[in-house]
Amino acid sequence: MLSVTEKAIPRLTAQQLNDYNRDGFLIIKDFISETTCNFLIARTKQLIADFDAEHYKTIFSSADQAHASSDYFLNSGDKIHFFFEPNAFDSNGNLVKDKVFTINKIGHALHELDPVFKTFSTDQKFSALAQDLGISDPILLQSMIICKQPFIGGEVYAHQDSTYLFTEPQSLVGLWLALEDASIENGCLWAIPGGHRNGLKARFIRSKNQTKHVVYDESEWELPQMQALTVAKGSLIILHGLLPHMSKANLAPYSRYAYTLHISSAHSAYPSDNWLQRETPFMRLD
Ligand code: FE2
C-alpha cells in the first residue's frame with residue numbers, strides 16, 4: 001500500500017528546528033514505512049523496465065558534466081528522463097549489464113507525471129514539513145530517483161543544491177528519502193555541519209542550449225569536515241539549499257535507492273537562467 005499517512009503527520013519540534021538551523025540538515029527516522037519504500041522501489045524498477053534504453057543513452061556524471069549540454073538533460077525539468085552511470089557502456093556503446101543495474105538517476109518531474117510518485121510527493125506530510133520549515137506557499141521544483149547502483153554507483157562531488165536550483169531569496173530545501181539503508185559502504189550522504197552559513201560558492205546556469213558554472217568562491221571544500229549521514233531505510237534527511245554535501249561511489253554489492261524532492265517558496269524568484277526550466281509553472285505543494 002502506498003501511503004505516508006499511515007502514521008500521524010509529524011511536526012518538527014523546537015529542538016529539531018534548532019538542530020536544522022545549526023547544522024543545515026536534519027535526520028528524521030521512520031518518516032516513511034518499509035512498505036512504502038518497497039513500493040516506490042518496485043515502481044522505479046517498472047519505470048526502468050519500460051524505458052527504451054537503446055534510444056536514450058545519456059550518461060550522468062558529476063565529474064565531467066558531459067550530460068549537461070544535451071537536450072535530453074536540459075529538457076528533463078518537466079519530464080521523466082533516465083540517466084546512466086558513466087561506466088554503463090562498453091567501448092562499443094553496449095550496456096555492460098542489465099539496464100536496471102546501470103541507471104544512475106531518473107528525473108526531474110516524477111512528482112507530477114508519474115501517478116505513484118505524484119500521490120507520494122503530494123502527501124500532507126510534506127506540506128506540513130514545509131510549513132514547519134517556514135517555507136510559505138511551497139512549490140515542488142524537481143524530483144529524482146537516485147539509484148546508486150551496486151559496484152558502479154558513481155561519486156557525487158561536493159556541492160550545494162542552490163547551485164543548481166537558485167532562488168532569491170534562498171528558500172530551497174532538499175528532502176532526501178532513503179528507500180534503502182544508506183551506509184558508508186553503499187554511498188551514503190556526507191555533509192559539513194553548519195556549512196550552509198558560508199554562502200553560495202557557484203551557480204550552474206544555462207544560456208540557450210549550453211550550461212556553465214559561474215563561480216563566486218574559488219576556495220576548496222573543507223572535505224575533512226564532511227560527516228557521514230548514515231541512515232536506515234525510511235529515514236528522511238532535510239537539506240538546507242546551501243549545505244555542502246556529497247556522496248561517495250557505491251562499491252558494495254547492493255544498491256542505495258533514494259528519492260529526492262526539492263521545494264522552495266513561491267515567493268522566491270526563480271531565475272530564467274537556472275538550468276532547470278519548464279513549459280508549465282511549478283506544482284504547488286498544498
Ligand atoms: Fe545534492
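Heavy atoms only: backbone and side chains are in, while hydrogens, waters and symmetry mates are out.
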If you measure from [atom1] on [X] to [atom2] on [Y], what distance do you get to the nearest 0.5 Å?
X	Y	atom1	atom2	result
K148	S255	NZ	OG	12.0 Å
S162	H262	OG	NE2	8.5 Å
L177	C37	CG	SG	8.0 Å
L17	L12	CG	CG	5.0 Å
N38	E180	CG	CD	8.5 Å
H108	I80	NE2	CD1	12.0 Å

Point to revise | Ring centres under 6.0 angstrom apart (W275, F73) | key: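 Ring centroids of W275 and F73 are less than 6.0 Å from each other.
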
Exercise for review: State yes or no: are the ring centers of F83 and Y72 separated by less than 6.0 Å?
Suggested key: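 Yes, ring centres under 6.0 Å apart.
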
Same apolar cluster (I L V M F W Y, side chains within < 4.5 Å links), [X]/[Y]:
X	Y	answer
W176	F25	yes
L242	L175	no
I28	L243	no
F51	F89	yes
I106	F84	yes

Answer yes if the side chains of [X] and [Y] hold a donor-acceptor pair under 3.5 Å, and no otherwise.
X	Y	answer
Y259	T44	no
S265	S268	no
S183	E185	yes
D161	H159	yes
S143	H111	yes

Heavy atoms only: give me the nearest [X]-[Y] pair and the separation to one decimal.
X	Y	answer
L141	L276	O-CD2, 3.9 Å
V100	Y257	O-OH, 4.1 Å
L189	H245	CD2-CD2, 4.4 Å
L229	A191	CD1-CB, 3.9 Å
D132	P10	OD2-O, 4.4 Å
D181	R256	O-CG, 3.9 Å

More than 12 non-hydrogen atoms from neighbouring residues, nucleotides or ligands closer than 6.0 Å to [atom1] on [X], yes or no?
X	atom1	value
K97	NZ	yes
Y254	OH	yes
K79	NZ	yes

Practice item. Using the test side chain to side chain donor-acceptor pair (under 3.5 Å), find all partners of S235 that sit at least two apart in sequence or belong to another chain. Key: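 Testing S235 for side chain to side chain donor-acceptor pair (under 3.5 Å), a comparison that skips the adjacent residues, returns none.
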
Exercise for review: Tell me, please, which residues at least two apart from N18 pass side chain to side chain donor-acceptor pair (under 3.5 Å).
Suggested key: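 N18 satisfies side chain to side chain donor-acceptor pair (under 3.5 Å) with no residue once adjacent residues are dropped.
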
Do the side chains of [Y] and [X] get nearer than 4.5 Å, heavy atoms only?
X	Y	value
V173	L129	no
F282	S264	no
Q160	L200	yes
N250	F151	no
I184	W190	yes
R278	E112	yes
F126	I263	no
Y270	L165	yes

So, the side chain of [X] versus the backbone of [Y]: is there a donor-acceptor pair under 3.5 Å, distance only?
X	Y	result
K201	P244	no
S171	I135	no
Q277	S272	yes
D137	A266	no
N75	D71	yes
D114	V116	yes
N87	I152	no
K233	I32	no
N186	A182	no
E85	G154	yes

Point to revise | Short N-O contact, K125 and D123, less than 4.0 angstrom | key: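 Judged by the 4.0 Å cut-off on N to carboxylate O distance, K125 and D123 do not form a salt bridge.
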
Check your understanding: Where do L47 and F117 land on the side-chain contact (heavy atoms from CB on, under 4.5 Å) test, with the steps shown first?
Key -> CA-CA 11 Å; L47 288 171; F117 280 97; 4.3 Å; yes

**Study point:** Partner of M246 under side-chain contact (heavy atoms from CB on, under 4.5 Å), chosen from L223, I192, V156
**Key:**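 Passing option: L223.
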
Exercise for review: Going by the salt bridge (Lys or Arg N to Asp or Glu O under 4.0 Å) test, name the single residue among R203, K208, K212 that passes it with D273.
Suggested key: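 The option that passes is R203.
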
Check your understanding: Considering residues at least two apart in sequence or located in another chain, which fulfil the ring pair (Phe, Tyr, Trp, His ring centres under 6.0 Å) criterion with F166?
Key ->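 Listed in chain order: nothing, the list is empty.
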
